[in-house]
Amino acid sequence: MTELNFASQKAATLETAPTRYVESGDIRFAYRRLGPSAGTPLILLQHFSGNIDAWDPAVVNALAAGRPVIAFDNTGVGRSTGQTPDNVAAMARDAVDFIDALGFSEVDLLGFSLGGCVAQQIAAEHGRLVRKLILVGTAPKGGEEHLLAVLQDAFSQTGAPDPRLPLFFTKSSASQSSGLAFLKRTKVRKDDRDTDGGKAVTDPQAKALITWCATPDPEHAVLRAIRQPTLVASGSHDTMLPASNAYAMFRELSNAQLILYPDSGHGALFQYHEMFVSHVRTFLEAAA
């Protein structure tokens, strides 16, 4: 595919940008591109069960004010075709195929939750492709996860307006208020919304995340293969992928910075969206 001229789309937001498609092999990937046409693209790698419209517009739009930002559905997710893989390595290969199909030779990666596992795999295997790496609410290979228990607890709270409220935010009034504001922002787009894949997506993704964390990596081979500057961020009270994972990654990575956000859960980047964007901008704009 020849990359289109997106200069006229500079004002587009996650809520208004058209959903576009690019093919790689047998897979047709859905994506949205925001921001200027020039600069190192920031590729967003989404969480378990999430699609393009599960991203927080407050985060994506603010990041796109100064750089190209691309949100996409990996294989089998949302409007992308194919069968969702059940392992992180295959997800990473598919994401690299998507990046290659857009013609990029160097990108920055922001991986959230399961997307952070995928980002680690890509950065470890493709040193020349990845310039800088941002890992949010995620875990190293062999890390600690409580995915199924946390999901069960969240879906048992029938009074919650959305499972993401107990999944991503703490029980404090401040965190809950931020969570409700986040949910409202994600529902602004009414037309051309992304689609949910149900168990065909969540079952293999759950297996991929659980297997990633259940696979020992005593020598920290993945983390030690990552030489790129890395920003690691986590919520202080993340119940799904605890903050201890963030410190473990920070400790083993050769060039990492660590940020822990107070009174926050798995969705710390959405609760503290202004602060998070500021931290990411500072990190990305700093000399490597």
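Everything numeric in this text was worked out from a predicted model, so none of it was measured. Numbering starts at 1 and runs along the sequence shown. Values reported hereafter were calculated over all heavy atoms of this structure, with side chains retained and with hydrogens, waters and symmetry mates removed.
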- prompt: Does the distance from a Lys or Arg side-chain N to an Asp or Glu carboxylate O, for D73 and R79, drop under 4.0 Å?
  reply: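 Not counted as a salt bridge, because no side-chain N and carboxylate O are separated by less than 4.0 Å.
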message: Between R67 and E285, does any NZ, NE, NH1 or NH2 come within less than 4.0 Å of an OD or OE carboxylate oxygen?
response: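 Between R67 and E285 there is a salt bridge, with a charged N closer than 4.0 Å to a carboxylate O.
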message: Counting neighbours of NZ on K207 that are heavy atoms of other residues, nucleotides or ligands and sit closer than 6.0 Å, is the number greater than 12?
response: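 Not more than 12 within 6.0 Å, no.
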- prompt: Got a sec: does the CD of Q83 have more than 12 other heavy atoms crowding it under 6.0 Å?
  reply: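 Result for CD/Q83: open.
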- prompt: Can you find a side-chain donor-acceptor pair between D108 and T40 that sits under 3.5 Å?
  reply: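 Their side chains do not contain a donor-acceptor pair, so the 3.5 Å distance test is not met.
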message: Can a side-chain donor-acceptor contact be found between S175 and S172 if the only test is distance below 3.5 angstrom?
response: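 Side chains of S172 and S175: no pair found under 3.5 Å.
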message: Hydrophobic clustering (ILVMFWY, side-chain heavy atoms < 4.5 Å, transitive) - are L180 and F276 grouped together?
response: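 Linked, F276 and L180 end up in one cluster.
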For the residue pair [X] and [Y], establish whether any side-chain heavy-atom pair is separated by less than 4.5 Å.
| X | Y | value |
| --- | --- | --- |
| H279 | Y272 | no |
| Q46 | N51 | no |
| P85 | T75 | yes |
| W55 | L110 | yes |

Supply the atom-to-atom distance [X] [atom1] to [Y] [atom2], rounded to the nearest 0.5 angstrom.
| X | Y | atom1 | atom2 | answer |
| --- | --- | --- | --- | --- |
| Q257 | L231 | CD | CG | 6.0 Å |
| Y31 | S80 | OH | OG | 11.0 Å |
| L114 | Q205 | CG | CD | 5.5 Å |

query: Among all residues two or more places apart in sequence or in another chain, which pass the salt bridge (Lys or Arg N to Asp or Glu O under 4.0 Å) test with E252?
result: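 For E252, the residues satisfying salt bridge (Lys or Arg N to Asp or Glu O under 4.0 Å) (neighbours in sequence not counted) are R224.
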message: Run L260 and S234 through side-chain contact (heavy atoms from CB on, under 4.5 Å) and show every step you take.
response: CA-CA 5 Å; L260 296 178; S234 176; 3.8 Å; yes
- prompt: Which residues pass the ring pair (Phe, Tyr, Trp, His ring centres under 6.0 Å) test with F112, sequence neighbours left out?
  reply: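 F112: ring pair (Phe, Tyr, Trp, His ring centres under 6.0 Å) contacts with H47, F168, H266, F270.
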query: After noting the C-alpha distance and the side-chain angles of F182 and R164, does the key distance pass the side-chain contact (heavy atoms from CB on, under 4.5 Å) rule?
result: CA-CA 10 Å; F182 157 73; R164 287 175 292 180; 4.2 Å; yes
- prompt: Are D53 and T186 close enough, and set up right, to give a side-chain contact (heavy atoms from CB on, under 4.5 Å), and what steps lead you there?
  reply: CA-CA 7 Å; D53 282 314; T186 64; over 6 Å; no
- request: Test N61 against E15 for side chain to side chain donor-acceptor pair (under 3.5 Å), laying out the working first.
  value: CA-CA 9 Å; N61 296 341; E15 303 96 317; 2.9 Å; yes
- prompt: Going through the distances and angles, do I70 and F104 end up as a side-chain contact (heavy atoms from CB on, under 4.5 Å)?
  reply: CA-CA 12 Å; I70 297 174; F104 298 131; 3.4 Å; yes
